[in-house]
S.K.: 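Here it is: the structure, laid out below.
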Amino acid sequence: MKSKAVVNYAEEKGSVEIREIDLPQIGDTDVLLEVANVGVCGSDLHQWTSDHSWPVNYPVVLGHEFGGRIAELGSQVSGWKVGDRVVSETAAVIDPNNPMSKIGLYNLDPTRKGFGYGVNGAMTKYVRVPARCLHHVPEHVPFEQACLTEPSCVAYSAVVSNSNVRPGDRVLVIGPGTIGILCAAMAKINGAEVAIVGLEADRGRLKIAEQYGVTGLVGDATEWAKAGDGLGADLIVDAAGHSSTLQIAMNLVRPNGQITKVGWGKQPCNFSLDPIVQKNVRLQGSFSHNWPIWEKVIALMASGTLDVKPIIGGVWEIESWREAFEKMHHGEVVKSVLKPA
């Protein structure tokens, strides 16, 4: 049995195409997941345009934001049954004996391999998933929303776990992509005053961000950041895909404030980091997520506290992956979602 898949087959720019692949063979502790929906991530676009900064095992099926129903169970899998509605974490391969894994931070295991770059992902009909990665999805949460659990967890990890946000804080998010908007939403849930800044071309995405009760800004965010006591924002979340935005963050953060960097940018900085020292600022990286974060985010989605519907720009069949990618790449939509046939 073969299924159509969106495959990134080489490092060269544009090396993505539809291919027919075999049904995955599962191990004793795996499940075979029938994919209902899979979100397109900025990292999928970066691999497509070949401006990524992480190693990729070519050829590989793209897609790590996904949910669906269990189609088959490995012989040692317990606590799950065929037909269960689930979403999957991204840490497809981990070393359980790594010191990070032993304390529950398997997302920081240096040998970790994720879906869509390290092993085959979910832009296809069936995907092999370790049972340890699974989380239940309530019946009333549609899969096209549930597949956004993963980026929501990235945002929760950045804003809630790795930052210190208190009600009344001023939080500025740089970059109105999926992660940026969800970071803004998380800061708003935490009771902060929130703004998100982008470029002229981002006006459409900023309008979507404003549906979360945050202020959308184009260009210079200095006035907003310093509108309180003139010293700057308590927290800057750098969710842009370019290294240069860290300089903006250093300029607009208040003394003794914090910068959390969640956006990837492989470009050299070419500017001094002295403002971090001078301002006594905490610079925090934020990568991925782990089990308790997924449970919290699913609870937020199930209760309606977090509504991801505004950022979904459309649902495309697998065969129309290019249109879905291009609409995100050009900023016409915030998030594209694919539906395997």
Side-chain angles (χ1 to χ4, degrees), residues 39-46 49 51 65 145 147-148 150-160 162-163 165 169-190 192-225 227 232-253 259-265 267 286 297 306-314 324-337:
V40 179
C41 177
S43 63
D44 297 313
L45 301 183
H46 285 306
T49 56
D51 58 356
E65 305 175 359
Q145 296 171 35
C147 73
L148 269 64
E150 195 277 337
S152 299
C153 287
V154 171
Y156 188 104
S157 183
V159 174
V160 182
N162 286 324
S163 304
V165 180
D169 279 354
R170 292 183 79 76
V171 175
L172 176 66
V173 179
I174 303 173
T178 300
I179 300 301
I181 293 175
L182 289 171
C183 282
M186 289 295 176
K188 191 69 178 176
I189 289 171
N190 270 22
E193 293 295 319
V194 186
I196 185 167
V197 61
L199 305 173
E200 187 66 38
D202 294 322
R203 284 191 181 275
R205 297 196 291 185
L206 290 168
K207 285 290 184 187
I208 291 170
E210 288 174 349
Q211 295 182 47
Y212 290 94
V214 308
T215 301
L217 302 170
V218 173
D220 188 359
T222 304
E223 183 179 353
W224 187 91
D234 298 280
L235 169 66
I236 311 285
V237 179
D238 183 353
H242 201 283
S243 300
S244 62
T245 48
L246 180 58
Q247 190 167 34
I248 298 171
M250 291 191 302
N251 289 338
L252 298 183
V253 69
I259 299 169
T260 297
K261 184 163 174 52
V262 64
W264 293 72
Q267 310 82 8
S286 186
V297 167
L306 175 65
D307 181 9
V308 298
K309 288 197 298 292
I311 67 174
I312 300 172
F325 277 38
E326 287 179 345
K327 283 189 176 294
M328 265 186 72
H329 184 58
H330 296 303
E332 295 176 45
V333 300
V334 175
K335 173 64 68 174
S336 295
V337 173

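We count residues from 1, following the sequence as given.
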S.K.: Please check this pair: side chain of D44 against backbone of C41, looking for a donor-acceptor N/O pair closer than 3.5 Å.
M.R.: yes
S.K.: Check whether any side-chain N or O of T215 sits under 3.5 Å from a backbone N or O of A195 as a donor-acceptor pair, and report yes or no.
M.R.: no
S.K.: Quick one: are L199 and V218 in side-chain contact, heavy atoms under 4.5 Å?
M.R.: no
S.K.: Strictly by modelled atom types, are S286 and T260 linked by a side-chain donor-acceptor pair under 3.5 Å?
M.R.: no
S.K.: Tell me, do L148 and Q145 make a side-chain contact under 4.5 Å, heavy atoms counted?
M.R.: no
S.K.: Got more than 12 heavy atoms from elsewhere within 6.0 Å of CD, E193?
M.R.: no
S.K.: Within a strict 4.5 Å, meaning less than it, do heavy atoms of the E326 and E332 side chains meet?
M.R.: no
S.K.: Hey, is the main chain of Q267 close enough, under 3.5 Å, to the side chain of S243 for a donor-acceptor pair?
M.R.: yes
S.K.: Supply the atom-to-atom distance W264 CH2 to D51 CG, rounded to the nearest 0.5 angstrom.
M.R.: 13.0 Å
S.K.: So V171 and V165, do their side chains get closer than 4.5 Å, heavy atoms only?
M.R.: yes
S.K.: Is there side-chain contact between V337 and V40, with at least one heavy-atom pair below 4.5 Å?
M.R.: no
S.K.: Which pair of non-hydrogen atoms, one from V333 and one from S336, has the smallest distance, and what is that distance?
M.R.: CG2-OG, 3.4 Å
S.K.: Would you say that E210 contacts I181 through its side chain, given a criterion of any heavy-atom pair below 4.5 Å between the two side chains?
M.R.: no
S.K.: Could you go through L235 and L172, starting from their C-alpha distance and side-chain angles, then the distance that decides it, and tell me whether this counts as side chain to side chain contact (heavy atoms under 4.5 Å, CB included)?
M.R.: CA-CA 6 Å; L235 169 66; L172 176 66; over 6 Å; no
S.K.: Just wondering, do I248 and N251 contact through their side chains at under 4.5 Å, heavy atoms?
M.R.: no
S.K.: Under the ring pair (Phe, Tyr, Trp, His ring centres under 6.0 Å) test, which residues partner Y212, sequence neighbours left out?
M.R.: none
S.K.: Using the test ring pair (Phe, Tyr, Trp, His ring centres under 6.0 Å), find all partners of H46 that sit at least two apart in sequence or belong to another chain.
M.R.: none
S.K.: Only one of L182, N162, V237 clears side-chain contact (heavy atoms from CB on, under 4.5 Å) with V262; which?
M.R.: V237
S.K.: Quick check: closest heavy atoms across A158 and C183, and the distance to 0.1 Å?
M.R.: CB-SG, 4.2 Å
S.K.: Please name the pair of heavy atoms, one in V173 and one in A239, separated by the smallest distance, quoted to 0.1 Å.
M.R.: CG1-CB, 4.3 Å
S.K.: Yes or no on side chain to side chain contact (heavy atoms under 4.5 Å, CB included) for R205 and I311, after CA distance, side-chain angles and deciding distance?
M.R.: CA-CA 8 Å; R205 297 196 291 185; I311 67 174; over 6 Å; no
S.K.: Hey, is the main chain of W224 close enough, under 3.5 Å, to the side chain of R170 for a donor-acceptor pair?
M.R.: yes
S.K.: Could you check whether any side-chain N or O of D169 sits under 3.5 Å from a backbone N or O of A192, counting only pairs where one atom can act as donor and the other as acceptor?
M.R.: no
S.K.: Within the side chain of S157, is there an N or O that forms a donor-acceptor pair under 3.5 Å with the backbone of C153?
M.R.: no
S.K.: Is there side-chain contact between L217 and I196, with at least one heavy-atom pair below 4.5 Å?
M.R.: no
